[in-house]
Amino acid sequence: MQMLRVVAASIAAGALLASAVVQAQAKYPSKTVEVVVPYAPGGGTDNLVRMITGIMDENKISPVPINVNNRAGGSGAVGYNYLINKKGDSHVVAGATPMVVSGKIEGRLPGNHRDAMTILMIVAIDELMLSVRSESPYKTIDEFVSAARAKPGGLTVGGTAVRSEDHIFTYLFEQAAKVKVKYVPFNSGGEVTAALMGGHIDAGVMNPNEIQAQIEAKQARNLAVAAKKRLADAPEVPTFAEKGIPFYWEQMRGMVGPANMAPEAVKWWQDALRKVTATKKWQEDYIKRNLLTPTSWTGEEANKYLDSLNGKYQQALDGLGKK
């Protein structure tokens, strides 16, 4: 009889423990979530995160407050190192850029998407552009290239950070077009746009969402896009390749958490992001308006895409190191 009581007590304790685990899992998120933007306000990552969190707020997707914090510095290194140091903390996530891959290659981050972070979802692909002010004397990419060849190092091209996607874009453009320009780094895409519109640089490496408002207001124009085909929502913008400048460069956009993020937190964020990307606001005001290619890659599909970037970044960064 005593043995039966012990067994019964053990079963009851196990049931209570299992119930407690289920309840604990069901409680995520149980406190305010911090969403880190590793760049200054106004850039592509800031726009992404604020669109996602805005839609979540409007549709009451999260039962707890979600606070967006810009932790800029070190070309994204400050924000991503902060995230990495939150290992196991499921209540801190961040907007993801290809630096989750390139940061480790550059030595600015101690790990990457495989060993130091948890990829939640890749939600869109940006095809980068070269843009100028409407008042610019360069009306086409051909005119810009001709001027750059006539005055090596004389034209300035702005971008976010050094040894970054924008810097690599500029390097690949130089190699393909056989020109030399002066790359000017800024802390965010918003700062690049401000410098371009203020006439402080000749051109900017732009994610479409960073310059689209100025394009619509006819204050700026896109000279060419580093895509394999013209964008469906901007068919007037030629590709570099069709103009005899064969290079391609894209930038993924998504959300990432720290390593050892709880499985229930990963699932919650993936479900939340699916709800966000299914909304008309996301599809019309973010994807279509900003000329993006929508994706919904998670798990190994997302990780394998990021794995494929390793070689591209290593080669490009090696080239920059020799300049």
Side-chain angles (χ1 to χ4, degrees), residues 32-58 61-62 65-84 86 92-100 102-103 108-109 117 119-129 131 158-162 164-167 169 185-198 204-216 220 250-257 269 272-273 276-277 279 281-282 285-292 294-295:
T32 298
V33 177
E34 178 183 7
V35 183
V36 176
V37 177
Y39 305 95
T45 306
D46 187 65
N47 292 339
L48 166 78
V49 168
R50 293 185 187 279
M51 175 62 73
I52 288 173
T53 56
I55 292 174
M56 290 177 73
D57 184 58
E58 289 173 14
I61 293 173
S62 175
I66 296 181
N67 291 342
V68 177
N69 289 327
N70 293 81
R71 295 182 179 271
S75 301
V78 170
Y80 285 122
N81 273 297
Y82 174 82
L83 178 78
I84 289 171
K86 293 291 183 178
V92 180
V93 298
T97 71
M99 194 185 173
V100 302
S102 62
R108 291 192 289 158
L109 298 180
M117 300 175 227
I119 298 299
L120 300 175
M121 184 180 287
I122 296 175
V123 297
I125 299 295
D126 254 338
E127 281 90 6
L128 274 64
M129 297 176 164
S131 307
T160 303
V162 294
S164 62
E165 293 74 32
D166 293 359
H167 199 180
F169 172 104
F186 294 87
N187 289 322
S188 73
E191 291 186 12
V192 179
T193 302
L196 178 65
M197 300 314 297
V205 180
M206 309 303 299
N207 300 110
N209 69 82
E210 296 168 342
I211 195 68
Q212 191 59 18
Q214 288 74 23
I215 297 294
E216 291 174 351
E250 65 184 29
Q251 178 172 341
M252 52 73 63
R253 298 207 170 275
M255 295 294 293
V256 62
W269 269 101
L273 289 169
V276 167
T277 56
T279 64
K281 182 169 184 177
W282 173 266
D285 294 354
Y286 187 70
I287 294 295
K288 184 177 178 64
R289 183 172 185 270
N290 295 314
L291 314 181
L292 300 169
T295 62

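Summarising the geometry, atom NZ belonging to Lys281 is positioned 6.0 Å from atom CD1 belonging to Ile55; distances are rounded to the nearest 0.5 Å. Met51 contributes atom CE, which lies 8.0 Å from atom OH of Tyr286 (distance to the nearest 0.5 angstrom). Residue Trp282 holds its CH2 atom at 7.5 Å from CG of Leu292, rounded to the nearest 0.5 Å. From Met129, atom CE reaches atom CD of Glu210 across 11.5 Å, with rounding to the nearest 0.5 Å. To the nearest 0.5 Å, the span separating CZ on Phe186 from OG1 on Thr193 amounts to 10.0 Å. Rounded to the nearest 0.5 angstrom, Ile61 CD1 and Trp269 CH2 are separated by 9.5 Å.
Looking at Val100 and Tyr80, their side chains come closer than 4.5 Å, going by heavy atoms from C-beta outward. At a threshold of 4.5 Å between non-hydrogen side-chain atoms, the residues Met255 and Val123 do not count as touching. At least one side-chain heavy atom of Leu109 sits less than 4.5 Å from a side-chain heavy atom of Met117. Counting heavy atoms from C-beta outward, Asn209 and Arg253 have side chains that approach closer than 4.5 Å. In this structure the side chain of Glu127 never reaches within 4.5 angstrom of the side chain of Pro208, judged on heavy atoms. Ser75 is listed as a side-chain neighbour of Arg108, based on a closest heavy-atom distance under 4.5 Å. Side chains of Asp57 and Ile66 form no contact here, defined as non-hydrogen atoms less than 4.5 Å apart.
With Thr295 contributing its side chain and Ala124 its backbone, the two residues share a donor-acceptor pair below 3.5 Å. Panel note: side chain Ser188, backbone Gly42; no donor-acceptor pair is recorded below 3.5 Å.
Under the side-chain contact (heavy atoms from CB on, under 4.5 Å) test applied with Thr53, the options Leu48, Val35, Val276 reduce to a single match, Val35. The side chain to side chain donor-acceptor pair (under 3.5 Å) test with Gln251 singles out one residue from Asn207, Thr45, Asp126, Thr97, and that residue is Asn207.
Between Lys86 and Glu34 there is no salt bridge, since no side-chain N of the basic residue sits under 4.0 Å from a carboxylate O of the acidic one.
Residues Pro98 and Glu165 share a closest heavy-atom pair of CB-OE2, 3.1 Å.
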